[in-house]
Each structure stands twice: as structure tokens, then as C-alpha cells.
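Atoms within each ligand, like the ligands themselves, are counted from 1 in listed order. Just so it is clear, the values below take in all heavy atoms, side chains as well, and ignore hydrogens, waters and symmetry mates. Along the sequence shown, residues carry numbers from 1. The model shown is predicted, which means the values in this text are computed figures rather than measured ones.
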Amino acid sequence: MVDRRNKPMALATTPGLPPQPQVNFSHANSRVTAVLPTGESVVILLYGATVISWKNRFGMEKLWLSDAAKLDGSKAVRGGIPLVFPVFGTAPDHAPTSKLPQHGFARNSRWEFLGKSSSESAGPSDTSVKLDFGLSSNTLEDGVKSQWPYTFSIIYSVTLTPESLSTSIVITNDGAEPIDFQVLMHTYLRVNDISQIQVTGLEDSEYVDKVDAAKTKSQSGAVAITGETDRVYTPAKGPSNAVAVAEEGETIFTVVRDNLKDVVVWNPWTEKAAGMGDFEPKDGFKKMICIEAGSVNGWVSLDPGDAFEGAQTISD
Ligand SMILES: O=P(O)(O)OC[C@H]1O[C@@H](O)[C@H](O)[C@@H](O)[C@@H]1O
């Protein structure tokens, strides 16, 4: 059954009582946590600036996080929203990124927390919070700098509203030579039963099928997951700019992209999940689907002084 308790309601206010509390916020133990007055919450690890939890006001988790995910900075987090930058997968033939590990270094680097800002337009019932994180060539570990010696700065913002979670990135080339990169928000969405999932919004796209010799194929109709799935929809196109995930016919997530042309759809299924030491429980693939917004086919080339901006907004 789809849990239908996921739609926001107006915050109850009682005349005569003190004003509703503001955003409840903590920055400790290498993580940042924010809870809205309406009850929605988000948790971000400084390691990778990885969003590891997004809950609705009833405490229902919206993201999938492996029970064996490493949250101590020893390995990229298996679940939540790891950030892929500056390479998607590996690119042995692309000299500037050829030395980097799978999915680059952003998800393995410690980010700086830059601060928070909250806003409300119609009172506490629509308070939102934006949390900003920074990574730059100045703060990168030396080992990484030697693998990717560019001068850059990134601001990554996580915005929680009662209705949505947005992640947005601004990448600036602060150096004197062009920078080529790929970027991806590797979002693990939590579902109840993968066999009941349909993904729409990709109907007009071609995709690279990574589990079938990287053949280019055309999508027809909705995407259903019936086995290992690893597809790069590029450019991702559909009737609207939204990718919708429906379970038993009811939309449970909508992902809207801004300046992120590609969408990766990934589910490891039985064997791949069995082979990942940090994927638990092993049948957890039935409870997740990755819908990853990014720019990963080809390279974004950023001239000195230029900045790239991209974002996704996930609504439930
Ligand atoms: O195991 P990792 O490095 O987190 O990658 C997980 C998956 O990430 C997806 O984005 C890729 O398309 C897959 O090919 C890959 O297996």
C-alpha cells in the first residue's frame, strides 16, 4: 500500500498561544540538521555534503539509505543524495579526469558549512530553510588536488520547504584555464515496492543502456523496473520538465530539473546489490530507485571566471 500521509497540511495555530517555533537547527557531529516548524526535516553530512535524510512532517523517510552505509567519512555514502563531480563513473580516456576515482571526489570530500537562511512568506506554516555548503580548491585534500589541479569553488545549497527538497549547485572556475566537468545529484528515493513503480516524464528521450553494451535506445512509455537498470537518459525529455515516480498509480515523487539535461535511472537489482558490501539489506533494492539529475553525457566546459548553475526540486 502507498502511504498517503505524505501531503502537507496547514499548520494548526491557536489564537492566544505564543508564536510557532522557528526552524530547529543543529550543526554538530559533522552534520547539519534542520527541522521546520511544520515538522519536515533534513540531515546533511559534511562528508560529501551528502543529504542522508529527508522526512515529511509525520517522520516518514523519503530517501533510501543503506543500513550498511558508512557515515564516518571512510567511504562515499550508499544512499541519500551523494553528489557526483567532476566525473560520472570513470573517464580513463579523458585526460583531465582520468586519475579520479569513480564519480569523482565531491562525495568523498569534507565540505564546509557556510550558513543557513530561513524564510516565510505567509507565516510559520510555510517556513523554509536553505543550508549552504562550500568546497573549493583551497580546501581540497592534497592528494585530490594532485589528481585534479584546477582552481574552482562550489556552493551547494539544500533547501527544505514543507512541500519539497531542492538541491542546487553553483560551480565557478576561479582559475586561468577552462575546466571540463560532469555533475550529478545521485538521489536514492525510497519506495514501498519497486514492482509497483512507474517513472514517467522520459517518454521522448533516448537513453544509453549501461547494462546492454551502452547501446542507445528510445524510451517508449513509462519506465518500469524489472531487473538491473542503469540508464542515462540524454537529453532527458518528456511532456513536461518533470520526471514523476508513481507507485500503484499514485505519484509519490516529482523531480523538476533546472539546467541539468540528463537523468540517470538506476536500480542494482539482486546480483549487483549482493556484490556491494555497503548495500544492506540485500533485498533493499526493492525499496529504492535512483533518479539522478545531472549533466553527464559529454562535458560541461567552463571558461575562466564563468559559473555553472544547476538544480533539482523533489516534491512528494
Ligand atoms: O557504486 P557507486 O560508485 O556509488 O555507483 C553506483 C551507480 O551509480 C550510477 O549513477 C551509475 O550509473 C551506475 O553505473 C553505478 O553503479
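- Side-chain polar atoms of Q312 and T167 form a donor-acceptor pair below 3.5 angstrom.
- Every protein residue with a heavy atom nearer than 4.0 Å to ligand 1 is included here: R78, F88, Q102, H103, R107, H186, K210, D230, V264, W266, K272, E292.
- Sorted by first and then second residue, the pairs that involve residues 190-231 and meet ring pair (Phe, Tyr, Trp, His ring centres under 6.0 Å), not counting sequence neighbours, are Y207-Y233.
- Of the N and O atoms on the side chains of S157 and D132, at least one donor lies less than 3.5 Å from an acceptor on the other residue.
- There is no side-chain donor-acceptor pair under 3.5 Å between Y47 and R31.
- Through chains of ILVMFWY side-chain contacts below 4.5 Å, I155 is grouped with L114.
- With sequence neighbours excluded, no residue forms a salt bridge (charged side-chain N to carboxylate O under 4.0 Å, His left out) with K286.
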